[in-house]
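Presented below is the structure to which this report refers.
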Amino acid sequence: MASSPSLFFFLSFVALFAALGVVLAKNPVHSVLFLILTFFSLSGHYLILNAQFLAAVNIIVYAGAIMVLFLFVMMFLNLNVDTEPHKPLLSKVAAAVAGGSLLLVLVAALRDVQPGTTYNASVFDSQIGMVSQLGMILYTKYLLPFELASVLFLVAMVGAVMLAKRETGERNF
């Protein structure tokens, strides 16, 4: 796919707008829809970077399966304004401090980054985002984190089944 700066900036604008929509939306369903839009714009970035497999997996797994799971959980919990407890001032202050700390860490981590200095067109490898290269790196260098993530997903599935399990004598409606 031919990449152009205007396409990159358009996808970046859409991703940032949708990410803000995720955080600022009052309705949780609208928040999930904004998150799906964010995932689609990030898949466009993957396509620009010649990582077609990652773009397809991002759309199938995250924008598809994970978002269906999020919607299921939200509908299962039946979230509404009436049942939500009022949050005390201390928790709001703690959330602001945590968010400010995260921002401080991100600024400190990206302080010395100089964009545009590491790209060299003469040594560009067009196969870097392909499935064979991804599999080779994933199953050699990152095997332990990959396996730990699979165990984490297994534990999450067992936890979801245990939470959804009904007690004896409990009715559905």
Side-chain angles (χ1 to χ4, degrees), residues 1-77 79-81 84 92 94-143 145-146 148-150 152-153 156:
M1 177 177 210
S3 67
S4 67
S6 61
L7 181 61
F8 171 78
F9 286 122
F10 173 73
L11 287 172
S12 298
F13 173 76
V14 170
L16 288 174
F17 171 75
L20 282 174
V22 169
V23 177
L24 299 176
K26 299 233 185 251
N27 188 343
V29 175
H30 294 160
S31 181
V32 168
L33 292 175
F34 277 121
L35 191 57
I36 291 172
L37 182 61
T38 305
F39 284 142
F40 272 101
S41 62
L42 291 178
S43 293
H45 280 102
Y46 286 142
L47 288 175
I48 289 174
L49 293 171
N50 198 28
Q52 293 87 4
F53 177 72
L54 288 178
V57 166
N58 190 33
I59 290 173
I60 292 169
V61 173
Y62 289 108
I66 301 296
M67 290 302 105
V68 168
L69 180 66
F70 280 3
L71 283 172
F72 172 75
V73 167
M74 281 191 289
M75 291 177 185
F76 182 71
L77 293 176
L79 298 174
N80 56 23
V81 179
E84 185 175 337
K92 292 179 183 178
V97 168
S101 299
L102 177 63
L103 179 65
L104 184 67
V105 167
L106 284 173
V107 167
L110 299 174
R111 178 182 48 183
D112 295 329
V113 173
Q114 297 175 0
T117 59
T118 59
Y119 178 70
N120 187 358
S122 63
V123 294
F124 177 70
D125 183 13
S126 64
Q127 298 298 312
I128 195 125
M130 298 299 168
V131 178
S132 61
Q133 295 292 324
L134 179 69
M136 189 64 85
I137 294 291
L138 187 63
Y139 291 121
T140 56
K141 187 175 179 183
Y142 296 107
L143 181 63
F146 180 75
L148 290 176
S150 65
L152 178 70
F153 286 143

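Taking every heavy atom of both residues into account, Leu11 and Gly44 meet most closely at CD1-C, 3.5 Å. Residues Asn58 and Tyr46 share a closest heavy-atom pair of ND2-CE1, 3.9 Å. Of all heavy-atom pairs spanning Leu35 and Val22, the tightest one is N-CG2, 3.3 Å. Shortest non-hydrogen contact noted between Ala18 and Thr38 is CB-OG1, 3.1 Å.
With values rounded to the nearest 0.5 angstrom, Phe39 atom CZ is found 11.5 Å from Ile59 atom CD1. Taking CD1 of Ile137 as the reference point, atom CG of Leu143 lies at 12.5 Å (rounded to 0.5 Å). Rounding to the nearest 0.5 Å gives a distance of 9.0 Å between CG of Leu148 and CG of Leu152. With rounding to the nearest 0.5 Å, the separation of CZ in Phe17 from CG in Leu24 is 10.0 Å. The line from OH of Tyr62 to CE of Met67 is 10.0 Å long, rounded to the nearest 0.5 Å. With rounding to the nearest 0.5 Å, the separation of CG in Leu7 from NE2 in His45 is 8.0 Å.
The ring-ring contact (aromatic ring centres under 6.0 Å, His included) search around Tyr142 returns none, not counting sequence neighbours. Ser41 meets the side-chain hydrogen bond (donor to acceptor under 3.5 Å, both in side chains) test with no other residue; sequence neighbours excluded.
The shortest distance between side-chain heavy atoms of Asn50 and Gln52 falls below 4.5 Å.
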